[in-house]
Enquirer: 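First the structure, then my questions, so here it is.
All chains are named by letter (A, B, ...) in the order of the sequence lines, taking the proteins before the strands, and each is independently numbered beginning at 1.
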Number of protein chains: 2
Amino acid sequence: MEKESWEQLEELAAAGDPQRLEEYLMSLPPGETGLALSRLAAEDQLGVLTTLSPADAADLIEEISNVQAAGLIEALPADNAAAILDELESNHQADVLGAMSAEQAEAVISAMPAEEAAEARALIAYAPNVAGGLMSTELLEFRDAQTAHEVIEDLRRRVEQYADYQVQYAYVVSAEGRLVGVLRMHDLLLAPGERRVGEFMIAHPLSVRDDTPLTDLESFFDRHAFLGAPVVDAQDKLLGVVHRDDVEEALADRADSDYLKSQGIVGGEELRTMPTLLRSRRRLAWLSINILLNVMAASVIALFEETLQAVIALAVFLPIISDMSGCSGSQAMAVSTRELALGLVRPHELWRVWTKEISVGMINGVVLGGLIAVVGWAWKQNPYLGLVIGAAMALNTMVAVSIGGTVPLVLKGLKQDPALASGPILTTVTDMCGFFFVLGFATLALDLLKGS
Amino acid sequence: MEKESWEQLEELAAAGDPQRLEEYLMSLPPGETGLALSRLAAEDQLGVLTTLSPADAADLIEEISNVQAAGLIEALPADNAAAILDELESNHQADVLGAMSAEQAEAVISAMPAEEAAEARALIAYAPNVAGGLMSTELLEFRDAQTAHEVIEDLRRRVEQYADYQVQYAYVVSAEGRLVGVLRMHDLLLAPGERRVGEFMIAHPLSVRDDTPLTDLESFFDRHAFLGAPVVDAQDKLLGVVHRDDVEEALADRADSDYLKSQGIVGGEELRTMPTLLRSRRRLAWLSINILLNVMAASVIALFEETLQAVIALAVFLPIISDMSGCSGSQAMAVSTRELALGLVRPHELWRVWTKEISVGMINGVVLGGLIAVVGWAWKQNPYLGLVIGAAMALNTMVAVSIGGTVPLVLKGLKQDPALASGPILTTVTDMCGFFFVLGFATLALDLLKGS
């Protein structure tokens, strides 16, 4: 049987031949690198990284996710870590540093050359999802007073350095470093050699401020078919360039993070290679809030012990009403979250969303209530049992879509993260109402239900 | 008070002045266009689209989401719809057509000029998430036998047509139309005029087959710092180019769709501007499966009516155990889904995932079981009640993480969509086990619990 990729990797790292190790890593099929690395023991992973040259190690780091990369880099001595990070593109460097704890990031940055360290500190000082945090500082920058000929000469001279850049545009600055234009490569191509850049650049270029949030960047790139936008500070000084693909990637990351949060992974991304205790602690932080909310909701049931004692069949329907209301509410919540993300609804439009939700909730409530009523009736041969649970289900479906539809808007309006808190609020309120409806209606109709 | 954007839009559409309407639309802040359009009555939305020139209407369509765009286009007469779609970039055109029903898409395509219609049919015949479905057909294509001078002359002549293209690369084909090279704009810039493209192009370029799935495209762009990749058929014939940003966008869409599915929006994206009955029907399709599963799970409770009758307090804890196990299982499920997406785990590695999950599940089960045991003990002053529900909670947490961790792998291995079915499977199994543990343990310890 052929060896698994991580077994081969382990052997090559042990052999300590950087050349063969690099060749093997480059030969792995796409996506296999992260898998192979993750299967090595911690010391073997470090062995791989330290055997490779810093440049090759940086190539490797670029192939794996930021969380995985940060985990590896954290485990290295600060010197090695700094040497590898120094080889990464500014943008990617900031991503990996951002996925590390603040102290460990600072330890690595301190080991970098002074100038690079200052640059890295400036980049990670930005929030990750604003233009400054997403931008790359590698860009082509020319003066407006230069001629086409001079620019082409410069490009020729530094072709090696520019090879890694995304050079669809060059940016033009004034003597004071202010952004004054954008230069398209094909305009440069067509311009007579003696003309000055200032004359054939696109003047008054669109730019984004370094504190522009991700949502506005998304709209910017939706609106303009640009591959990148220059990032400037309050004085219009050119700081970097934010690329369309990095914005798209940040949007995909945000969607991933929303999904993880909605499923209860809230303390940061989890990989199964992380220590068990860390994973357990992070998950428990979320679960222990939930258990409190659950006890609160279930305490409604405790208020009706006598009714339950008299009509024990109700106990069967309590979890059904609870779970079904959760489902109906989740659907409404997902649509609101989505419409907020698409900008199709504003946080204050609660009434509009509620009227749209309640119309669906009434139809679905009647259908689901009818179904469960038939089940209750058929099981205990008591139409009143069916009526009680059916009515409770119908009413609670309306409560659930109302809560599910509006809570994300309210949280967004309060500048809270809807993905994080909507779920528990929804579940707790719909559980309490659902239990109250079933048991309250049953208490009112107790004489008709007895014996069920 | 200032008028809302949709009120102004309504008036301008009624006035029927395409010039002023276009100017107003362009003046809206990013993200406001989709909102304003969605607030108009259906006939006013059509009024806006038909008042604008097809090119301006196409610009408008590009600013809103595909579902919203498809909804608008579907409502137009086929002629108008075809004229507008004809103005869209091939890639975007396929997205909008793909979001329409097959019949309506065909109706619009039939109204397009024959050549464009054939192209559109070819593009939408691809699955949306393969290279062929994501590619654009607008690209710069030259013959290997052309000289640098000829290429530059061609660029100069067709500068208008190329203005909308993403022209970071040009592609070079042989006389038979086979892809033989890639031409970088700055190489063209630096090449002597009389040299042939074949001599300074990058030969043996990387390309992707038209049937390459999204996951492999993601790996491709992770591995290679390209902004686009040429798409070829089995005979190496150049078909189009897939841009990095379109791959990133498709990934973001997939994450959105996974999130929606995990929350029970499974029949396609829902906007609140859609008809109530359609929204209701789609949501019910999902809910009615769930109610069946719920009745199945709850029927376990019905088997233990006597135990419940004797220890009515247990009824309070059944929904708690059910909901908490759901939470623990969702966390494990989210981590598996994420690791599958990152390629850090393979579908057959069930044992590996299970051992990683069960270690976290044992710790969390003991902690949560301990917490709920204290609640039960304190409430009814009966340590055995605490013991029964605590043990059930601990055991069921382990069941939940085992199911949650492995089910996405199994579904993926069976080529099913994990986002769709994992949730219901998890909830049903953990509910059944949870109810069985609580009531089963209680039945065994019945004499110790009586009176609680």
Enquirer: Can you tell which part of B:V266 gets under 4.5 Å to a heavy atom of chain A, answering side chain, backbone, both or neither?
Expert: neither
Enquirer: Report which part of B:V401 has an atom under 4.5 Å of a heavy atom belonging to chain A: side chain, backbone, both, or neither.
Expert: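 Just the side chain, heavy atoms under 4.5 Å.
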Enquirer: Between the main-chain N or O of B:E339 and the side-chain N or O of A:R272, is there a donor-acceptor pair closer than 3.5 Å?
Expert: no
Enquirer: What's the shortest heavy-atom distance between A:I301 and B:P319, and which atoms?
Expert: CD1-CG, 3.8 Å
Enquirer: At a heavy-atom distance under 4.5 Å, which candidate from A:L293, A:L368, A:D256, A:V335 has the highest pair count against chain B?
Expert: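 The residue among A:L293, A:L368, A:D256, A:V335 with the greatest pair count is A:V335.
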Enquirer: Are side-chain heavy atoms of A:I363 and B:L277 found at a separation under 4.5 Å?
Expert: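 A:I363 vs B:L277: side chains touch.
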Enquirer: Go through the atoms of B:I320 and report whether side chain, backbone, both or neither lie under 4.5 Å from a heavy atom of chain A.
Expert: both
Enquirer: For a 4.5 angstrom cut-off between non-hydrogen side-chain atoms, does A:R338 reach B:I265?
Expert: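 Side chain of A:R338 against side chain of B:I265, heavy atoms only: no contact under 4.5 Å found.
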Enquirer: Heavy-atom cut-off 4.5 Å, strictly under: side chain, backbone, both or neither for B:T427 against chain A?
Expert: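 When you check distances to chain A, only side chain atoms of B:T427 fall under 4.5 Å.
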Enquirer: Checking heavy atoms, do the side chain of B:T337, its backbone, both or neither come under 4.5 Å from chain A?
Expert: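 The side chain, not the backbone.
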Enquirer: Under 4.5 Å from any heavy atom of chain A, what part of B:R283 do you find: side chain, backbone, both or neither?
Expert: both
Enquirer: What part of B:A297 lies closer than 4.5 angstrom to a heavy atom of chain A: side chain, backbone, both or neither?
Expert: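 Neither part; nothing is under 4.5 Å.
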Enquirer: Quick one: what part of B:V375 sits under 4.5 Å from any heavy atom of chain A, side chain, backbone, both or neither?
Expert: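 Looking at B:V375, just its side chain touches chain A.
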Enquirer: Hey, are the side chains of A:Q331 and B:L287 touching, using non-hydrogen atoms and a 4.5 Å cut-off?
Expert: yes
Enquirer: Side chain from CB out, backbone as N, CA, C, O: work out which of these in B:Q68 comes under 4.5 Å of a heavy atom of chain A, or both, or neither.
Expert: side chain
Enquirer: For B:V295, is it the side chain, the backbone, both, or neither that has a heavy atom closer than 4.5 Å to a heavy atom of chain A?
Expert: both
Enquirer: Go through the atoms of B:F317 and report whether side chain, backbone, both or neither lie under 4.5 Å from a heavy atom of chain A.
Expert: neither
Enquirer: Less than 4.5 Å to any heavy atom of chain A: does that hold for the side chain of B:S38, its backbone, both, or neither?
Expert: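 The side chain, not the backbone.
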Enquirer: Assess whether a salt bridge exists between A:R39 and B:E349, defined as any Lys/Arg side-chain N lying under 4.0 Å from an Asp/Glu carboxylate O.
Expert: yes
Enquirer: Does the side chain of A:I312 reach to within under 4.5 Å of the side chain of B:I312, using non-hydrogen atoms?
Expert: yes
Enquirer: For B:R254, is it the side chain, the backbone, both, or neither that has a heavy atom closer than 4.5 Å to a heavy atom of chain A?
Expert: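 Neither part.
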Enquirer: Where does B:S328 contact chain A at under 4.5 Å (heavy atoms): side chain, backbone, both or neither?
Expert: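 Both backbone and side chain.
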